Amino acid sequence: MSLKKKLAAGERVNVFALSRLYQPNMIEMFAIQGGFDGFWIDAEHASFSTQDIEVAAAYARASNLDCFVRIPPHDYSLVTRCIESGAEGVMAAQIVSAEQAEEFVQWAKFAPRGKRGLNAGCHDGQFGTIPVAEFCQQANERSFVAIQIETLQALEECDEIAAIDGVDLLFIGPSDLSQALGVTGDFMHESCIAAIKKVAAACAKHGKTFGAVTTTPEHAHMLAELGCKMISPTNDIRTLNAGIKAVKESFSEFF
């Protein structure tokens, strides 16, 4: 079952992120260890080609995982390339308004909801083997769209963003949100918690859900108590750092 369907059913999902250390085999390693429902590809802070996304999406399908791509919200063609490459959806970073979030949704959806350019000869069109009208309907229903809440204006307009048809998830970036709130790195600061509560209330009001990056069990428990349904506790860099630390601790007499 896709991340979108699991979230719509009220399930909580665990996801990891791939960024600078991405290698396809990492996806298999996470899948073999179990416990994760999918992953997101960080194409905001790292460079991923169309082919990289195609390979990652193929590994995801082979590993029974779902995936989506985080991208800056300034390139229509990048949105459609991510979806056409086999990712199940896209997440917009650094959104600053409900108007911008609406534009991003339109980039990800075919008419009549949006303005996505029609190319059936891609993965989500099963390479031209699905009738065009059927493909467009299926793609609009299946594609996953997340909007990050990490700027002050997006926080201010989170109710309007949650109300947008086609937005499946609001996703909190705690680092940038804390920076915007003037308490950089203090994710448990009262202003950060108040912001998360505001996002949670907006999602509850409009029948949506929210997700977040988390760095500590304390922070994760706080998110879960507020109704967070997508927990993102690690990425490739954090996982490798944790592994190096664990090895050094296990073999401490040799270091």
Side-chain angles (χ1 to χ4, degrees), residues 2-5 7-8 38 40-45 47-54 56-57 60 66-151 153-171 173 199 202-203 206-211 230:
S2 70
L3 291 171
K4 181 171 181 173
K5 289 182 178 179
L7 291 169
W40 51 280
I41 300 167
D42 188 1
E44 177 194 10
H45 292 290
S47 177
F48 285 85
S49 67
T50 298
Q51 186 175 30
D52 289 334
I53 297 171
E54 288 175 345
D66 203 358
C67 70
F68 59 98
V69 188
R70 176 167 77 174
I71 54 178
H74 306 303
D75 186 350
Y76 153 77
S77 62
L78 180 57
V79 173
T80 194
R81 286 201 304 271
C82 289
I83 299 173
E84 289 179 0
S85 296
E88 290 297 317
V90 285
M91 178 163 72
Q94 293 293 329
I95 286 291
V96 296
S97 68
E99 180 181 7
Q100 188 182 29
E102 166 63 24
E103 179 182 55
F104 189 83
V105 170
Q106 290 190 27
W107 288 348
K109 302 290 184 180
F110 291 118
R113 177 62 187 95
K115 301 176 181 177
R116 179 181 167 189
L118 180 48
N119 171 26
C122 51
H123 177 268
D124 65 335
Q126 294 297 291
F127 303 102
T129 61
I130 303 176
V132 173
E134 181 181 345
F135 159 51
C136 291
Q137 180 181 354
Q138 289 181 0
N140 278 2
E141 293 173 354
R142 186 174 58 243
S143 60
F144 174 78
V145 178
I147 302 295
Q148 283 208 252
I149 306 297
E150 53 187 351
T151 68
Q153 189 172 344
L155 177 62
E156 182 65 25
E157 298 186 25
C158 67
D159 185 83
E160 292 90 337
I161 293 172
I164 296 173
D165 174 34
V167 170
D168 299 297
L169 179 88
L170 301 191
F171 191 89
V199 172
C203 288
H206 296 287
K208 304 293 176 66
T209 189
F210 75 98
M230 178 181 282

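Keep in mind that this is a model prediction, so the values were computed, not measured. Computation of the quantities below employed the complete heavy-atom set of this structure, encompassing side-chain atoms and omitting hydrogens, waters and symmetry-equivalent molecules.
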- Step by step, work out the side-chain contact (heavy atoms from CB on, under 4.5 Å) result for Q148 and I95. CA-CA 6 Å; Q148 283 208 252; I95 286 291; 5.9 Å; no
- Task: I would like to know whether F104 and I71 meet side-chain contact (heavy atoms from CB on, under 4.5 Å); could you show each step before the answer?
- Result: CA-CA 11 Å; F104 189 83; I71 54 178; 4.1 Å; yes
| query | So K4 and E141, side-chain contact (heavy atoms from CB on, under 4.5 Å) or not? Walk me through it. | reply | CA-CA 10 Å; K4 181 171 181 173; E141 293 173 354; 5.7 Å; no
- Message: What verdict does the side-chain contact (heavy atoms from CB on, under 4.5 Å) test give for L7 and D168, after you've listed the backbone C-alpha separation in whole Å, the side-chain angles of each residue and the deciding distance to 0.1 Å?
- Response: CA-CA 9 Å; L7 291 169; D168 299 297; over 6 Å; no
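Taking the six-membered ring where tryptophan is involved, the planes of W40 and F68 are essentially parallel, since the angle between them stays under 30° and well short of 60°.
Side chain of E44 to main chain of R70: no donor-acceptor pair is present (N/O by atom type, distance under 3.5 Å, no hydrogens or angles). Side-chain atoms of R113 come within 3.5 Å of backbone N or O of D165 as a donor-acceptor pair. Here the side chain of Q153 pairs no donor or acceptor atom with the backbone of S97 at under 3.5 angstrom. Using modelled atom types, one side-chain atom of K208 and one backbone atom of I164 make a donor-acceptor pair closer than 3.5 Å. Under a 3.5 Å cut-off, the side chain of D124 and the backbone N or O of E84 do not form any donor-acceptor pair. A donor-acceptor distance shorter than 3.5 angstrom exists from the side chain of K109 to the backbone of N140, with no hydrogens or angles considered.
Rounding to the nearest 0.5 Å places CG of L78 at 7.5 Å from OG1 of T50. Of the inter-residue distances, the one linking N119 atom CG with T80 atom OG1 reads 7.5 Å to the nearest 0.5 angstrom. S47 OG to D42 CG: the interatomic distance, rounded to the nearest 0.5 Å, is 11.5 Å. The CH2 atom of W107 sits 10.0 Å away from atom NZ of K115, with the distance rounded to the nearest 0.5 Å. For the atom pair C82 SG and M91 CE, the distance stands at 11.5 Å (nearest 0.5 Å).
Between I149 and C158, the shortest heavy-atom contact is CD1-CB, 4.4 Å. When all heavy atoms are compared, the tightest approach of F171 to M230 is CE1-SD, 4.0 Å. The two residues R81 and S85 have their closest heavy-atom pair at O-OG, 2.6 Å. The minimum heavy-atom distance between Y76 and G117, with the atom names listed, is OH-N, 2.5 Å. In terms of heavy atoms, A154 sits closest to I161 at O-CD1, 3.9 Å. The nearest pair of heavy atoms linking D66 to L3 is OD2-N, 2.8 Å.
For Q138, the side chain to side chain donor-acceptor pair (under 3.5 Å) partners are E134, not counting sequence neighbours.
Annotation: side chain of C122 is in contact with side chain of F135 (closest heavy-atom distance under 4.5 Å).
Heavy atoms from other residues, nucleotides or ligands lying under 6.0 Å from CD of E156 number 12 at most. Heavy-atom contacts from other residues, nucleotides or ligands closer than 6.0 Å to CD of Q51 number 12 or fewer.
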